[in-house]
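These notes concern the structure reproduced below.
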Number of protein chains: 2
Amino acid sequence: MLDEIDRRILDILAANARVSLKELAQEAGLSSPSAADRLRKLEERGVLDGFTIALNPMKLGYPLQAVIRVRPMPGMLHIVERLIQDTPEIVECDKVTGDDCFIAKLFVRDMAQLDTILDRIAEKAQTNTSIVKSTPVKRRLPPLL
Amino acid sequence: MLDEIDRRILDILAANARVSLKELAQEAGLSSPSAADRLRKLEERGVLDGFTIALNPMKLGYPLQAVIRVRPMPGMLHIVERLIQDTPEIVECDKVTGDDCFIAKLFVRDMAQLDTILDRIAEKAQTNTSIVKSTPVKRRLPPLL
DNA sequence: ATTCGTCGGTCAATCTCGTCCAGCATCACG
DNA sequence: CGTGATGCTGGACGAGATTGACCGACGAAT
């Protein structure tokens with residue numbers, strides 16, 4: 001699926017998606033047209049889904065992170081899903097199997113704001129909240145086959 | 001903290017971190033030296049923590065995603081933390097308050113692989129696994145103040 | 001009120017980089 | 001063999017980044 005050079009390219013970009021093609025090319029051991037071509041093909045194939053940024057929540061005024069598990073009351077599933085999507089402090093959410101229907105991560109300014117958000121959800125679902133104390137594994141790439 | 005233009009710049013980069021400075025500048029309504037300057041300052045301040053890529057797990061041969069909650073047995077906390085960090089299929093993990101000590105997300109090729117990974121963890125911790133069925137909120141930026 | 005310093009910005013010149021093109025090596029196949 | 005597809009390189013040219021000189025708005029001190 002991916003050869004050694006593709007993996008190399010993805011690793012380099014994961015560390016810094018804004019490297020110039022020239023630098024990317026030399027680190028991957030090819031010329032820049034080839035590197036550009038590889039890059040284009042990875043995007044076309046959909047393997048590489050996009051280029052984005054990582055922010056520092058602290059520096060943005062979000063010193064608190066939490067993970068909430070959400071179990072909607074009967075009949076409320078779609079309403080709760082909509083509510084989650086419409087809560088901008090929720091930065092990611094998965095719908096999962098098991099008793100808890102959703103698992104979401106959110107950034108907040110303080111406990112009061114967390115409380116406000118949870119109150120709003122609690123009208124339509126049971127929630128279970130965990131405060132993030134640290135992040136032993138920061139977002140990283142899975143092994144590339 | 002951040003003014004309107006900074007927010008604009010971050011939004012643009014979140015959508016495509018590889019835009020040229022020229023394009024970034026015009027979309028943000030300034031000249032390219034100014035845009036470069038803003039960008040440099042955002043990095044220096046640490047607000048902008050880096051540029052990275054988004055991959056498509058499917059296309060990489062990881063059709064299955066799971067979220068696991070991990071409660072180490074007494075005395076095993078550090079060993080379990082190490083184990084999690086050394087499991088490359090785990091792409092992110094938070095240490096949280098509450099009964100569950102860790103919440104981790106992982107990408108796997110199939111159920112067999114998930115089982116293997118869980119077996120290894122289960123020697124040292126209680127685990128609770130949820131399979132991801134869909135992702136109502138894909139990774140996004142929190143509101144920028 | 002004037003002056004001075006600073007901050008954030010523009011413009012223009014230069015230097016770097018990306019992209020396009022032509023051409024070459026390798027390989028699978030009739 | 002000859003042919004076509006694939007993946008690469010090097011060079012040329014146009015687009016983009018960077019740098020330095022300059023400009024105007026704003027605040028503080030004289």
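Looking at residues 2-14 of chain A, you'll see that no heavy atom sits under 4.0 Å from any atom of DNA chain D. Residues from residues 36-52 of chain A with heavy atoms under 4.0 angstrom of DNA chain D, sorted by number: A/Arg38, A/Lys41.
Taking CG of B/Leu118 as the reference point, atom CD of B/Gln113 lies at 10.5 Å (rounded to 0.5 Å). Taking CD1 of A/Ile84 as the reference point, atom NZ of A/Lys95 lies at 10.5 Å (rounded to 0.5 Å). Between the NZ atom of B/Lys22 and the OG atom of B/Ser31 there is a distance of 12.5 Å, given to the nearest 0.5 Å.
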Is there any protein nitrogen or oxygen under 3.5 Å from a nitrogen or oxygen in nucleotides 12-16 of chain D, and what are the pairs?
unit_1 : atom_1 : unit_2  : atom_2 : d
D/dG16 : OP2    : B/Lys22 : NZ     : 2.6

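At a threshold of 4.0 Å, the pair B/Lys105-B/Asp94 does not count as salt-bridged, since none of the basic side-chain nitrogens sits closer than that to a carboxylate oxygen. Note on A/Arg140 versus A/Asp11: no salt bridge recorded, every NZ/NE/NH1/NH2 to OD/OE distance being 4.0 Å or above. Ion pairing between A/Arg7 and A/Glu4 holds under the 4.0 Å rule for side-chain N and carboxylate O. Using a 4.0 Å cut-off between charged nitrogen and carboxylate oxygen, A/Arg120 and A/Asp115 do not count as a salt-bridge pair.
As rounded to whole Å, 18 Å separates atom P of C/dC7 from atom CG of B/Leu30. In this structure, A/Glu27 atom CD and C/dC17 atom P are separated by 13 Å, rounded to whole Å.
With respect to B/Leu2, the side chain to side chain contact (heavy atoms under 4.5 Å, CB included) criterion is satisfied by exactly one of B/Leu42, B/Leu145, B/Ile9: B/Leu42.
Contact annotation: the side chain of A/Phe107 approaches that of A/Gln65 to within less than 4.5 Å [non-hydrogen atoms, C-beta and beyond].
Residue A/Ser32 has no polar side-chain atom (N or O) positioned under 4.0 Å from OP1 or OP2 of C/dC17.
A/Phe51 approaches A/Ala17 most closely through the heavy-atom pair CD2-CB, 4.0 Å.
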